[in-house]
Amino acid sequence: MAEEYKEALLEKHTYHDGCPGCKVEQMKQLRRGYPYLELTFVWIIVLSTSLPISSLYPFLYYMIEDFGVAKTEKDIGFYAGFVGCSFMLGRALTSVFWGIVADRYGRKPIILLGTISIAIFNALFGLSVNFWMAIGTRFLLGSFNCLLGTMKAYASEIFRDEYQATAMSAVSTAWGIGLIIGPALGGFLAQPADKYPNVFSQESIFGRFRYALPCFTISAFALVVTVLCCFIPETLHNHKLGSTSHDDSYEILEAASHESSASIEKAGKNERKASQSLLKNWPLMSSIIVYCVLCLHDTAYSEIFALWANSPRKYGGLSYSTNDVGTVLAISGLGLFSFQVFVYPFAEKLLGPVLVTRYAGALMIPIQMSYPFIASLSGLSLSLMLNCASILINVLSVSAITGLLILQNKAVDQSQRGAANGIAMTAMSLFKTVGPAGAGILFSWSERRLNAAFLPGSHMVFFVLNVIVVVGVALTFKPFLVTGRR
């Protein structure tokens, strides 16, 4: 009886009336089936924030050419890198701030702000008339793009414990597919008056602004997501855990006095851990560092792949049009979706997040080494080999990053997840700021050394990408990477 009385009292004070976070916890307890609704919301929100990030890559080469800032073809990659990195610079400067705001005021307001800002600033980027306007609008888009860190915290809170791998897989899969479908949209919809003259005239807005259509399409999707986000539940607890009456507190303490000293000591340790600085939480910080290295590779690869595919064959590229690049990336998106939905949760359950990250990184290395040789192919063999390589690289890259997202959210309590993911976003964005700029400069330099004795042309580009992956895989071993569970 005493034990039942104690449990009833504790249950009574677990959930607080008027607290949105408690309502979500109650909802999670009542709903025992597969979380299809939660999965759908997480999917579309993360997809909306990832679509604009790399949608510009298939047409960025031609956009820079239209701006007239590059003196020669070999200089286009140099300027393209700065447009690409301006988004990440803006996000790096504001991610921690948005994470703190999300921890204080809730996840939902930040999600709504993020989707609205995508609709506005991505549309303005499509209307860019010069190099500096393109940089400015991308910087503002990045500064207000506060969704990924918040959504990682939100997904871990709205899914039950047994679906945490599914939650992080949903975030990283939607993110990865957005980074693939975005460029596919950019490839198919850029320069519509040239490609589809029967639909779009040269005098229309899409004839005058040749890259507005893919940007407007993504902005329209973000507006739809904004409306849908008005109906999502808030997951942040807004009550003080100690706000119980004196009499009830006495009853709880009396009931709890029968607990063993070991349980009390464990509770005290948990309290002290929660109060520690996030920067001193090595399981969190070590996973963030590995995450940043692999994200640096991911963004550098995305830009280099598009530049390499668009560049002329005389420079070691494929001479692909924006439509050709879009087709490859669309196929890769379908492959990634199938793998992450049907295979990744089982792989994570079998191997664990660390081994998944380690094996995925190791397998990327030989595939990336093959890209310069793929460029020497033509016809069906080129299409087949390129699509297979692209699918595998995207699947392995997203799988590696997913494992690290799981480790990050396991390393902190709920009250710190927004700030923790803000730190991860800031660090990742700093690395991704270097990625496009460095990739553009590296690619431009590689086209000037086609006859070099050591790693000529694109061989050097993909060699550098492999070096980044090797560093990331090496950091997954102890004593550097430490795992923790809250």
Side-chain angles (χ1 to χ4, degrees), residues 44 47-70 73 76-77 79-80 83-84 86-87 115-138 140-141 177-227 302-303 305-312 317-334 383:
I44 62 171
L47 184 64
S48 71
T49 192
S50 61
L51 283 174
I53 293 176
S54 54
S55 62
L56 75 163
Y57 289 143
F59 61 77
L60 185 57
Y61 186 94
Y62 303 102
M63 190 183 220
I64 297 298
E65 191 174 45
D66 288 351
F67 288 154
V69 291
E73 277 187 333
I76 290 176
Y79 289 98
V83 176
S86 59
F87 174 93
T115 54
I116 292 171
S117 67
I118 291 169
I120 296 171
F121 294 117
N122 195 58
L124 290 175
F125 172 71
L127 298 174
S128 296
V129 293
N130 56 54
F131 177 69
W132 292 108
M133 182 177 176
I135 285 183
T137 51
R138 289 288 293 181
L140 290 172
L141 179 61
I177 287 180
L179 295 181
I180 295 170
I181 299 301
L185 288 173
F188 287 124
L189 300 181
Q191 304 166 333
D194 299 332
K195 298 175 184 174
Y196 319 111
N198 294 330
V199 181
F200 303 97
S201 69
Q202 292 291 346
E203 289 74 31
S204 68
I205 186 173
F206 299 116
R208 288 182 285 125
F209 299 97
R210 305 174 72 203
Y211 311 103
L213 183 58
C215 297
F216 283 12
T217 302
I218 293 170
S219 292
F221 178 69
L223 280 177
V224 173
V225 174
T226 301
V227 175
S302 295
E303 175 145 342
F305 179 83
L307 291 174
W308 172 71
N310 288 145
S311 64
L318 302 179
S319 295
Y320 267 22
S321 67
T322 57
N323 271 9
D324 295 329
V325 176
T327 301
V328 173
L329 294 175
I331 294 171
S332 298
L334 291 173
S383 298

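What you see is a predicted model, and the numbers here were worked out from it, not measured in a lab.
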| query | Out of Ile120, Leu56, Leu141, which one pairs with Phe125 under the side-chain contact (heavy atoms from CB on, under 4.5 Å) rule? | reply | Leu56
| note | One should read off an interatomic distance between Ile218 CD1 and Leu213 CG, to the nearest 0.5 angstrom, of 10.0 Å
Apply ring-ring contact (aromatic ring centres under 6.0 Å, His included) to [X] and list each qualifying residue two or more places apart in sequence or on a separate chain.
X	answer
Phe67	none
Phe59	Tyr211
Phe188	none

Under a 4.5 Å cut-off applied to non-hydrogen side-chain atoms, are [X] and [Y] in contact?
X	Y	result
Lys195	Leu189	no
Leu329	Phe305	yes
Phe216	Ile205	yes
Val325	Pro183	no

Is a side-chain N or O of [X] found less than 3.5 angstrom from the main chain of [Y], in a donor-acceptor match?
X	Y	value
Arg138	Ile53	yes
Asn310	Tyr61	no
Thr115	Val225	no
Ser219	Ala119	yes

| In terms of side-chain heavy atoms, does Asp324 have a donor or acceptor partner in Thr327 at a distance below 3.5 Å? |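 There is no such pair between these side chains.
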